[in-house]
Amino acid sequence: MDIEKAISLNEKQLLTATSEIIKIRSVKDIPKEGMPFGEGPAKALNYALDLAKSFGLETRNLDNYAGWAQWGDGDEMIGILVHLDVVPEGSGWTFPPYAGEIHNGRIYGRGAIDDKGPAMAALFALKSLKDAGIKFNRRVRVIFGTDEESGSECMKYYLKHDEAPTMGFSPDANYPIINGEKGMLTFTFTISFNGEKDTGAVLLSLKGGHRPNMVPDYAEARVAGNIDEISAQVKSAQSSVPGNFEVEQKTNEIVIKSYGTSAHASTPEKGKNACMLLAKLLGNVKFAKAYNDFIGFLNKKIGLDTTGKGLGVDFKDDISGPLTLNVGIIECDENKAEVTINIRYPIKYRGEQVIEHIRENTPEAFRIEKVSDMKPHYVPEDNLIIQKLKYAYEKVTGEKAYCFSIGGGTYARLFKNCVAFGPNFPGKPELAHETDEYIEVEDLFKNLRIYTYVLCELVR
Ligand SMILES: [Zn+2]
């Protein structure tokens, strides 16, 4: 059968399958026996594998961590890396988040574009080629993960227990082709307030943020001392700090609430960091030396800047752009503070280099701890996989394909010769993790076509 015909015959079934799998609420939950990420993710995985089996594809379930559907022969294997877990739905939906309803040419639901729609499109691309009777000289494997949103333990498990693809792509970001992902560095500054605490205000607590990879949208501080003086210092500074604050005067302390705007840590400049805005405001309070050193450090070395300039790490390169820095969490009481930082550093740098520079620019009292480093990922443009992705993208969309880099992380970074590819087309809104997430039916079909042509090129 002609490939175009095989694709068209599969469109309706793809639509149904996408709706059906959206109905499974595959949010990570407490583990159950044989279900390491809870019931939902395991159910979604089994739905996909059963569907693949019904197409006559070979399948494997790796203990409900991950699974795959495969077709073809050959030593080399092309991997399409997708995930079936979703983030919680949140509130305020126009259409039910777990119904897979179609309205105005869009399938609505949590996971529609991230990443269930693309996962189903990948599976149907494989089916379309099989239906068309194409001979496979390489195997194609759609690899389903179930823990992408909370640490990708699924793919780490897969790599420990199964074969790594020769090359592949992950439809879990944007078109055209993302061949570079910045390095990711997470660490904490830890300080004990051992210095003088008697003359000046006392910082009872400063808290904000939940995750290193998000810009905190809320922070709160409690300050004790001469309440009237502190209150006056805060109020006179409020107009010069670009934040949104609420100040509450109690009998023995002042509580300051800071409201910011959340954003992903890979683009911290798009958010307003509630912690750092609050630190800036607190910079006007006359604290005892122990606290003053801490607040001073935050403002002088980081402040509202997101490029790492104050810490001497405002690196950039020509392929992936500037380093970004996000203060993700601050946890501080009267005695100690812990500040969790997430940095995305350019591809041409090394994590050790970044840490070394930070250490040089940090007073000794601030210990750098809990360092975790994920190396940058980069696939050169002359790589075979990129050539084929470019071909298929241009053939189906009529648009020019090009490569770019991002600060975020996809499954692609865990595999050699793998890049992120789609599903979101340039100019379309970013709907992953948003209320009213959807995928346009037409875009779902376009994804199916693109993947089918990519695979067709790769298996020849
Ligand atoms: Zn995703």
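Order of listing sets the numbers, starting from 1, for every ligand and every atom in it. Atoms considered below: every heavy atom in the structure, side chains included; atoms not considered: hydrogens, waters and symmetry mates. Because the structure is a prediction, the values reported are computed rather than measured.
- Between E76 and R139 there is no salt bridge, since no side-chain nitrogen of the basic residue lies less than 4.0 Å from a carboxylate oxygen of the acidic one.
- Here the rule is ring-ring contact (aromatic ring centres under 6.0 Å, His included) with Y393, and of Y402, Y175, Y453 only Y175 fits it.
- Inclusion of D172 in the first shell of the Zn ion (ligand 1) is supported: an N, O or S atom falls under 2.8 Å.
- Cation-pi geometry between K130 and F55 is not satisfied (NZ or CZ under 6.0 Å from the ring centre, within 45° of the ring normal).
- Rounded to 10 degrees, the OD1-metal-NE2 angle spanning D114 and H83 at the Zn ion (ligand 1) equals 90°.
- When atom types are taken as modelled, the side chain of Q387 and the backbone of E381 share a donor-acceptor pair closer than 3.5 angstrom.
- Metal site remark for the Zn ion (ligand 1): E148 contributes no N, O or S atom at a distance under 2.8 Å.
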